[in-house]
Amino acid sequence: MYQAVRGTQDILPDDAPYWRHLENTIHDLCARYGYRRLEPPLFEETSLFVRGVGEGTDIVEKEMYSFTDRGGRELTLRPEFTAGVMRAYIEHGMHTWPQPVKVYSIGPAFRYEAPQAGRYRQFHQVNVEAIGEQDPAVDLEIMSVAWDLYETLGSQGLSFQLNSTGCPACKPVYIRHLVAYYEQHLDDICPDCRRRLQRNPLRVLDCKVESCQPIIEAAPHMRQYLCAECAEHFATLLGYLDLLGRPYTLNHRLVRGLDYYTKTVFEVWAGEGLGSQNAVCGGGRYDGLIEELGGPPTPGIGFAAGLERIILTMKAQGIAIPQLPAPQVLVAHRGAAAKARAVVLASELRAAGIATLLAFGQRSLKAQMREADRAGVRFTLILGGDELAAGEVTVRDMSAAEQQRVAPAEIAGWLKRRL
RNA sequence: GUGACCAUAGCUCAAUUGGCAGAGCACCUGGUUGUGGCCCAGGAGGCUGCGGGUUCGAGUCCCGCUGGUCACCCCA
């Protein structure tokens with residue numbers, strides 16, 4: 001028997017209301033902040049992601065769904081959104097638009113990872129970007145969109161983790177000091193950290209091995225090495241956050257897996273429901289990315305949030321979602337002639353804007369009533385020999401268990417007054 | 001990619017030292033001639049994830065594969 005490919009899943013009708021509610025919330029929220037939708041394609045040239053995400057990252061090294069198409073192009077299913085959005089910014093000359101260009105995207109992304117709770121190979125993200133403005137107020141705005149998303153949904157127990165990773169002027173200086181510090185403790189750290197020191201030194205900061213913790217605690221912090229510009233940017237952002245009374249946790253160990261981040265980086269951590277995955281949202285500033293991809297020097301900041309993870313936390317916290325409207329009328333019938341009338345009646349009711357179910361087959365009236373009951377409709381319309389002869393329709397109010405005859409021409413109006 | 005645990009009906013789970021594969025829910029049909037929910041009766045639904053092995057006999061024991069969950073890793 002076929003089954004969904006490892007790491008992929010079906011969104012079934014019982015879960016669909018969560019998705020719809022979440023997507024509606026995102027669209028409303030982005031509109032409130034003046035972000036417009038931009039949907040890049042699901043796949044791009046592989047080299048775009050290699051350059052954009054970074055050659056040494058896990059994503060590029062071992063997680064991309066890459067393939068060669070029939071024209072010999074090297075393509076990759078997007079593992080994240082930012083690279084594609086930046087490509088679109090450059091390709092469509094958006095640097096000539098009013099800056100910053102504020103856009104968002106919703107859709108699937110693909111990474112070849114070991115699936116577990118809250119982690120899938122096809123997963124969905126909302127991605128929000130503000131491109132072309134370096135003002136820390138933009139950092140604040142991006143973080144506020146993320147904040148408001150969770151606030152609007154009613155999520156509890158979230159924490160905003162915040163750090164600055166500096167810029168090309170100060171980040172390398174810090175890395176040199178960090179490496180120098182760690183080289184004095186080579187015998188005390190775990191093998192993974194010794195490897196990280198070679199490949200991606202910042203990653204030692206989020207090592208979880210017990211014996212590495214004291215080393216990390218005593219390690220130099222990025223913030224001690226921020227250049228004047230980065231320090232001022234960060235201080236201004238913190239001031240804005242304080243003005244709005246937004247709680248955040250300064251986390252000097254927060255480093256992110258994608259190479260393009262500069263200055264502000266942040267994550268939102270969920271309290272429960274995600275197993276060992278705690279990040280429901282991650283983002284930051286990427287002031288060098290567009291230039292790296294062949295565009296003009298352009299600052300930018302954005303974040304991505306995982307929709308599956310948001311829904312998992314919503315369920316874990318029992319967050320209520322709006323009920324989707326269900327059909328309120330079912331048309332039942334007895335006999336071929338009545339069924340023909342029922343087919344027409346159902347069509348007329350839908351045309352009149354009344355969500356209507358038609359009983360299929362020619363099952364007993366009992367079975368059709370049972371179907372109406374399970375569907376939860378308020379009225380069942382019955383068409384049989386008697387109704388045909390009288391030129392009327394029987395309308396049964398399911399909750400009151402009362403019924404009456406109504407003329408077909410009046411039935412739509414009769415129902416509309418009561419629904 | 002590494003390690004641990006797990007896999008029985010659509011769902012949640014039973015099945016004695018290895019001895020005929022079951023229940024609840026859900027689904028279908030009935031319980032007089034055209035009426036739902038509650039109740040009663042019946043029915044359908046399984047090559048016990050897949051493939052090998054041990055055995056007179058395997059859902060049960062062994063091996064491999066696939067998938068799920070968890071941890072590592074990483075991230076949304």
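Under the 3.5 Å distance criterion, the side-chain polar atoms of Arg418(A) are matched with a main-chain donor or acceptor of Trp414(A).
Residue contacts shown for Gly7(A) are limited to sugar-phosphate atoms, with no base heavy atom under 4.0 Å away. As judged by a 4.0 angstrom heavy-atom cut-off over every strand, Ala332(A) is placed among residues making no nucleic acid contact. In this structure, Leu307(A) reaches neither bases nor backbone, as no heavy-atom distance under 4.0 Å exists between it and the strands shown. When heavy atoms are screened at a 4.0 angstrom cut-off, Ala372(A) is found touching no nucleic acid atom at all. In this structure, Ala109(A) reaches neither bases nor backbone, as no heavy-atom distance under 4.0 Å exists between it and the strands shown. The residue Arg111(A) sits close to a base: some heavy atom pair falls under 4.0 Å.
In this structure, of rC73(B), rG34(B), rC28(B), it is rG34(B) that holds the atom nearest to the side chain of Glu387(A). Nearest to the side chain of Gln403(A), among rU29(B), rG34(B), rU35(B), sits rU35(B). For Pro115(A), taking side-chain heavy atoms from C-beta onward, the closest of the listed nucleotides rA76(B), rU33(B), rG68(B) is rG68(B). Residue Arg119(A) places its side chain closer to rG1(B) than to any other of rG37(B), rU69(B), rG1(B). Closest to the side chain of Glu113(A), from the set rC27(B), rC74(B), rU35(B), is rC74(B). Considering only the side chain of Ala279(A), rA76(B) comes nearest among rA76(B), rG36(B), rG34(B). Listed candidates were rC28(B), rC70(B), rA76(B). Nearest to the side chain of Ala304(A) is rA76(B).
In this structure, His185(A) has its ring center closer than 6.0 angstrom to the ring center of Tyr181(A).
Rounded to an integer number of Å, the gap from Leu381(A) CG to rG36(B) C1' is 15 Å. In this structure, Leu330(A) atom CG and rG34(B) atom C1' are separated by 15 Å, rounded to whole Å.
Contact annotation: Gln368(A) does not reach the phosphate of rG36(B) (side-chain N/O to OP1 or OP2, under 4.0 Å). For the pair Arg309(A) and rA76(B), the criterion of a side-chain N or O lying under 4.0 Å from OP1 or OP2 is not met. Of the side-chain N and O atoms in Arg363(A), one or more sit less than 4.0 angstrom from OP1 or OP2 of rU29(B). OP1 or OP2 of rG68(B) sits under 4.0 Å from a side-chain N or O of Arg6(A). In this model, the phosphate group of rU29(B) is approached by a side-chain N or O of Arg370(A) to a distance below 4.0 Å at OP1 or OP2.
Comparing Tyr112(A) and Met369(A) by the nucleotide of RNA chain B that holds the closest heavy atom to each, the one mapping nearer the 5' end is Tyr112(A).
In plain terms, the two heavy atoms of Phe81(A) and Pro108(A) that are nearest each other are CZ-O, 4.0 Å.
Evaluation of atom-type donor-acceptor distances gives no pair under 3.5 Å for the side chain of Gln3(A) against the base of rG68(B).
One side chain, Asp139(A) or Thr264(A), offers a donor N or O that lies under 3.5 Å from an acceptor on the other.
Side chains of Thr82(A) and Met86(A) form a contact here, defined as non-hydrogen atoms less than 4.5 Å apart. Within the 4.5 Å cutoff, the side chain of Ile189(A) has heavy atoms near those of the Tyr182(A) side chain.
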